[in-house]
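Protein chains get the first letters and strands the later ones, always in sequence-line order, with residue 1 at the start of each. Below, each value reflects all heavy atoms present in this structure, side chains not excepted, and no hydrogens, waters or symmetry copies.
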Number of protein chains: 2
Amino acid sequence: MADQSAAPPRKPRADAIRNRELVLKAAKSVFSTGGADASLEAVARRAGVGIGTLYRHFPTREALFEAVYRREVDQLGELAEQLKKEAAPVDALRRWLRSNVEFVATKKGMSAALAIVVQGSSELSVYSFDRLTKAVGGLLDRAVAAGEIRSDISPEDLLRALVGMCYMHDQPGWQKSVLRLLDVFVDGLRVQAGTGGQATARSHPRDIATGARESPRHKSGKVRK
Amino acid sequence: MADQSAAPPRKPRADAIRNRELVLKAAKSVFSTGGADASLEAVARRAGVGIGTLYRHFPTREALFEAVYRREVDQLGELAEQLKKEAAPVDALRRWLRSNVEFVATKKGMSAALAIVVQGSSELSVYSFDRLTKAVGGLLDRAVAAGEIRSDISPEDLLRALVGMCYMHDQPGWQKSVLRLLDVFVDGLRVQAGTGGQATARSHPRDIATGARESPRHKSGKVRK
DNA sequence: TTGAAAAACGGAGTACCCCTCCGTATATCC
DNA sequence: GGATATACGGAGGGGTACTCCGTTTTTCAA
């Protein structure tokens with residue numbers, strides 16, 4: 001469902017496949033230990049290939065990230081499906097968010113990957129962004145439909161909040177902190193019975209949320225500096 | 001209140017003072033337009049001083065950031081004081097958070113500065129971290145004392161959530177998005193009358209907040225990669 | 001006023017890193 | 001067993017971070 005375009009019938013070369021795999025493996029390892037902005041030359045070095053080879057397979061840092069963490073992203077997508085079946089709407093949402101935190105905690109570099117997925121607009125990261133947006137969107141819609149959650153927050157908003165909170169990973173107590181924050185956040189999402197309290201800053205009743213929910217897939221030009 | 005230490009009685013040299021100021025001014029301008037990771041050599045160039053001079057005055061990028069944005073940080077601190085007098089607890093908190101977003105929106109580079117303040121453990125950033133922590137802590141405590149806000153969230157938590165959310169500045173609609181998210185968050189902070197709902201994840205009643213409120217100033221070694 | 005010494009200056013130098021380009025090597029397929 | 005499409009690798013151009021040290025400037029005491 002992806003390779004048409006007049007099918008030039010040449011098998012991909014064996015060494016190309018092999019090297020691609022080597023680079024992926026090296027990248028996984030290097031990113032895990034060295035963090036998000038490790039040197040790509042280090043990756044090539046570790047993979048035992050030339051820097052040119054690395055760049056041919058993955059033209060940008062994002063592309064490499066994407067490839068390395070696509071498996072993880074897929075898992076998160078599947079988890080969302082599963083939770084949709086197994087848990088009550090709000091609970092499912094909460095658990096999915098929490099699972100994200102665990103992912104980030106486990107795989108160092110995952111945080112940066114998520115950040116790139118959410119921030120970058122590189123052609124390649126669209127897939128992951130879609131996948132995650134849909135995952136959280138599904139959970140969100142269900143909870144909204146059940147009347148348990150306010151309707152003016154988009155999946156993108158939520159995703160970015162999540163990624164933002166995980167941004168501070170590598171702080172001493174970050175994980176607990178983020179879990180706490182997520183709970184607060186989910187509580188805030190719940191439709192409030194009579195929060196009329198003292199109205200606080202209800203000066204922005206729903207200035208957005210004009211049904212349009214932002215434009216998904218806004219595309220636009222490069223972001224490269 | 002700061003210069004004791006056996007006072008070796010040598011006035012600081014005039015050119016040193018002048019150059020420090022030049023570098024600061026240049027940095028402000030360069031960071032504003034060029035973003036967080038602009039070249040320090042560009043800063044030196046614009047200041048009309050050698051790169052060595054820049055490094056002597058500000059040994060690290062963080063140090064320079066700190067110095068550039070200290071004024072802003074102070075302003076935020078004062079704003080908190082003011083709001084404490086002028087507004088109701090929860091409202092004050094909300095407004096302070098919103099002001100932060102505006103700051104980031106106005107000064108490009110402020111976001112990165114905040115991130116460094118929150119993340120970095122460099123000696124210099126301690127001041128700012130303290131200042132902001134106390135600012136938000138004051139607002140928070142007041143709201144907690146008034147019984148309007150849950151008590152298991154520390155100022156540090158809040159600060160980091162804020163910075164995290166601003167992390168995605170430079171996205172198309174980020175500002176509105178973050179303001180929305182902040183509202184959700186503040187709503188979540190409010191003491192809920194009878195959220196007994198399905199209990200969801202109330203499994204961390206106040207595991208922290210044991211009065212100690214984490215340890216500020218954790219120091220530890222370099223963070224340089 | 002003067003001149004020695006402390007303090008600051010500035011930029012060349014080292015060590016990385018990103019990314020491109022292209023001559024060389026190798027797998028495919030007829 | 002070639003011909004040729006593909007892939008390889010690394011030199012090279014252009015940057016940046018940060019250090020080191022010979023030179024210049026300022027201070028201050030005599």
Considering all heavy atoms, the nearest Arg131(B)-Glu78(B) contact: NH2-N, 3.7 Å
Quick one: [X] [atom1] to [N] [atom2], roughly how many Å, whole number?
| X | N | atom1 | atom2 | result |
| --- | --- | --- | --- | --- |
| Asp37(B) | dC17(C) | CG | P | 17 Å |
| Leu54(A) | dC17(C) | CG | C1' | 13 Å |
| Asp15(B) | dT23(D) | CG | C1' | 14 Å |
| Leu40(B) | dG11(C) | CG | C1' | 16 Å |
| Tyr55(A) | dT20(C) | OH | C1' | 10 Å |
| Phe65(B) | dA17(D) | CZ | P | 11 Å |
| Arg18(B) | dA7(C) | CZ | P | 18 Å |
| Ile17(B) | dT25(D) | CD1 | C1' | 14 Å |

Is the phosphate of [N], meaning OP1 or OP2, less than 4.0 Å from a side-chain N or O of [X]?
| X | N | result |
| --- | --- | --- |
| Asn19(B) | dC9(C) | yes |
| Thr53(B) | dA8(C) | no |
| His57(A) | dA7(D) | no |

The reported gap from CD in Glu41(B) to CZ in Arg46(B) (rounded to nearest 0.5 angstrom) is 16.0 Å
d(Asn100(B) CG, Leu79(B) CG) to nearest 0.5 Å is 8.5 Å
Contact list for residues 51-82 of chain B, test ring pair (Phe, Tyr, Trp, His ring centres under 6.0 Å), sequence neighbours left out: Phe31(B)-Phe65(B), Phe65(B)-Tyr69(B)
Judged by nearest nucleotide, the residue sitting upstream toward the 5' end of DNA chain C, Gly48(B) or Pro59(A), is Gly48(B)
Answer with yes or no whether Arg13(B) presents, from its side chain, a donor or acceptor under 3.5 Å of a partner atom in the base of dA8(C). no
For the side chain of Arg10(B) and the base of dT27(D), is some donor closer than 3.5 Å to an acceptor across the two? yes
Ion pair Arg70(B)/Asp74(B), N-O distance below 4.0 Å: no
How is Arg56(A) classified with respect to the nucleic acid when contacts are heavy atoms under 4.0 Å: base, sugar-phosphate, or nothing? base
Please list, pair by pair, any protein nitrogen or oxygen found under 3.5 Å from a nitrogen or oxygen in nucleotides 13-16 of chain C.
none

Run Arg180(B) and Asp152(A) through salt bridge (charged side-chain N to carboxylate O under 4.0 Å, His left out) and show every step you take. CA-CA 8 Å; Arg180(B) 249 175 297 164; Asp152(A) 61 340; over 6 Å; no
Salt bridge (charged side-chain N to carboxylate O under 4.0 Å, His left out): which pairs involve residues 12-23 of chain B, sequence neighbours left out? Arg13(B)-Asp15(B)
Nearest-nucleotide wise, let me know which of Gly52(A) and Gly52(B) is further upstream toward the 5' end of DNA chain D. Gly52(A)
